[in-house]
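This report concerns only the one structure given below.
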Number of protein chains: 2
Amino acid sequence: MKAKNNKFTETQQLISKFANALANPVRISILELLADRSCCYHGDLSAELPIANSTLSQHLKVLKDAGLIQGEINPPKTKYCINPENWGLARGLLTGFFDKKIYSYKCD
Amino acid sequence: MKAKNNKFTETQQLISKFANALANPVRISILELLADRSCCYHGDLSAELPIANSTLSQHLKVLKDAGLIQGEINPPKTKYCINPENWGLARGLLTGFFDKKIYSYKCD
DNA sequence: TCATTTATTCGTAAACTTACGAATAACAGA
DNA sequence: TCTGTTATTCGTAAGTTTACGAATAAATGA
């Protein structure tokens with residue numbers, strides 16, 4: 001079945017959704033800081049990153065909408081962490097995508 | 001050293017660059033079709049994908065600029081294929097990114 | 001109650017993305 | 001040379017992203 005008829009598979013859409021969340025160096029930094037737990041709070045991240053607070057909130061929203069992180073609001077602070085289930089899903093999908101066999105590497 | 005001072009590392013920028021190339025389901029489809037060699041030419045891809053030729057050219061350009069594919073022009077046809085070196089680089093970077101240890105999964 | 005701290009939302013501007021059809025280019029073959 | 005085939009580039013429109021500062025919200029502590 002052609003992509004033309006079905007548009008795109010669920011997997012293709014998920015891969016592109018996760019890739020989109022990773023498609024910005026600020027967000028890569030955020031994920032690294034959260035992953036190694038050197039930051040947990042918005043304020044911690046803000047101190048490390050070269051962007052305004054409001055911009056940071058936007059990036060956190062993108063990551064949250066993609067499901068890669070979760071936030072726990074305890075005003076006036078918000079604690080963030082990696083969402084382990086979706087992190088694993090993203091890893092599996094991306095790994096699977098890149099591990100596919102590439103036939104006939106060279107244009108010939 | 002803080003990201004704030006250095007802006008971003010080379011690796012962070014590379015990861016986001018590759019992720020950006022993957023951040024669209026059309027481009028995921030293109031890469032899958034090229035990877036399993038069911039398509040090689042612009043025309044083959046065009047027959048499979050629900051977009052105009054000119055839009056396909058744009059997506060191919062994004063993938064080429066990211067280094068994930070290469071094209072060989074033999075007018076009036078153009079043959080495309082995966083760029084194996086950069087494909088391997090992207091796989092390594094993305095895999096490395098996701099394989100990092102996640103400390104203390106849960107917000108607590 | 002009022003001020004402080006922390007983070008988000010709002011308003012806005014600039015840049016980028018995605019899409020299309022029309023125009024163009026580049027060669028093969030009649 | 002003229003025509004047909006294939007793909008790219010151009011021009012354009014609509015929508016999205018990224019960025020900032022100002023305004024707002026939500027609790028704590030004075």
Side-chain angles (χ1 to χ4, degrees), chain A residues 3-5 7-8 12-13 15-31 33-34 39-81 107, chain B residues 3-5 7-8 12-13 15-31 33-34 39-81 107:
Chain A
K4 196 155 202 166
N5 306 322
K7 300 283 175 178
F8 303 101
Q12 287 168 336
Q13 293 180 60
I15 291 174
S16 57
K17 188 187 76 167
F18 285 129
N20 184 66
L22 304 179
N24 181 294
V26 172
R27 293 197 290 270
I28 296 295
S29 296
I30 291 171
L31 291 171
L33 290 165
L34 292 179
C39 290
C40 296
Y41 293 94
H42 180 114
D44 302 334
L45 294 163
S46 180
E48 295 291 326
L49 297 168
I51 54 171
N53 263 340
S54 52
T55 306
L56 175 55
S57 279
Q58 282 181 317
H59 283 297
L60 289 167
K61 177 165 164 37
V62 171
L63 290 171
K64 203 157 43 172
D65 289 349
L68 289 175
I69 66 171
Q70 55 197 247
E72 186 189 307
I73 303 174
N74 294 104
K77 297 191 134 206
T78 309
K79 186 178 211 173
Y80 286 100
C81 62
C107 285
Chain B
K4 197 156 200 164
N5 305 322
K7 299 284 175 176
F8 303 101
Q12 288 168 335
Q13 293 182 60
I15 291 174
S16 58
K17 188 186 75 167
F18 285 129
N20 183 66
L22 303 180
N24 179 293
V26 172
R27 293 197 290 269
I28 296 296
S29 296
I30 291 171
L31 291 171
L33 291 165
L34 292 179
C39 289
C40 297
Y41 292 93
H42 180 114
D44 301 336
L45 294 162
S46 181
E48 296 291 326
L49 297 168
I51 53 170
N53 263 338
S54 53
T55 307
L56 176 54
S57 280
Q58 280 181 318
H59 283 297
L60 289 167
K61 177 164 163 39
V62 172
L63 291 171
K64 204 158 43 172
D65 288 350
L68 289 176
I69 67 171
Q70 53 196 247
E72 184 188 309
I73 302 174
N74 296 104
K77 297 189 132 207
T78 310
K79 187 178 213 172
Y80 285 100
C81 64
C107 286

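Worth knowing before you read on, the calculation uses all heavy atoms, side chains too, and leaves out hydrogens, waters and symmetry mates. Numbered from 1 within each chain, the chains take letters A, B, ... in sequence-line order.
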*For the pair made of CG in Leu45(B) and P in dA7(D), what is the distance, rounded to whole Å?*
9 Å
*Separation of dA26(D) C1' from Lys79(A) NZ (nearest whole Å)*: 19 Å
*Spacing of Ile30(A) atom CD1 and Leu22(A) atom CG [to the nearest 0.5 Å]*: 11.5 Å
*According to the salt bridge (charged side-chain N to carboxylate O under 4.0 Å, His left out) rule, which pairs have a member within residues 51-61 of chain A, sequence neighbours left out?*
Lys61(A)-Asp65(A)
*Rounded to the Å, how far apart are Asn20(A) CG and dT16(D) P?*
12 Å
*Side-chain H-bond candidate by donor/acceptor type, Gln12(B) with Ser29(A), under 3.5 Å*: yes
*Extract, from 5' to 3' on DNA chain C, the first and final nucleotides lying under 4.0 angstrom from some heavy atom of chain A.*
dT5(C) to dT9(C)
_Categorize Thr78(A) for me: base, sugar-phosphate, or nothing, with a 4.0 angstrom heavy-atom threshold over every strand shown._
sugar-phosphate
_Atom pair NZ/NE2 of Lys77(A) and His42(A) - distance to nearest 0.5 Å_ = 11.5 Å
*Given atom CZ of Arg27(A) and atom P of dA19(D), what is their separation to the nearest angstrom?*
9 Å
*asked:* Mind checking if Thr55(A) touches a base, just sugar-phosphate, or nothing, with heavy atoms under 4.0 Å?
replied: base
*Measure the distance from CG on Leu63(B) to C1' on dA7(D) and round it to the nearest whole Å.*
16 Å
*Contact class for Asn24(A) (heavy atom, under 4.0 Å): base, sugar-phosphate, or nothing?*
sugar-phosphate
*For Pro76(B), which contact category applies under a 4.0 Å heavy-atom criterion: base, sugar-phosphate, or nothing?*
base
*Take atom CG of Leu56(B) and atom P of dA7(D), then tell me their distance rounded to the nearest Å.*
9 Å
*Sequence neighbours left out, what passes side chain to side chain contact (heavy atoms under 4.5 Å, CB included) with Asn24(B)? Give chain and number order.*
Val26(B), Arg27(B), His59(B)
*Worked verdict on Ile28(A) versus Ser16(B) for side chain to side chain contact (heavy atoms under 4.5 Å, CB included)*: CA-CA 7 Å; Ile28(A) 296 295; Ser16(B) 58; 4.2 Å; yes
*Give the C-alpha distance, both sets of side-chain angles, the deciding distance and a yes or no for side chain to side chain contact (heavy atoms under 4.5 Å, CB included) between Tyr80(A) and Glu72(A).*
CA-CA 6 Å; Tyr80(A) 286 100; Glu72(A) 186 189 307; over 6 Å; no
*asked:* Just the rounded figure in Å: distance from C1' of dT5(D) to CD1 of Ile73(B).
replied: 16 Å
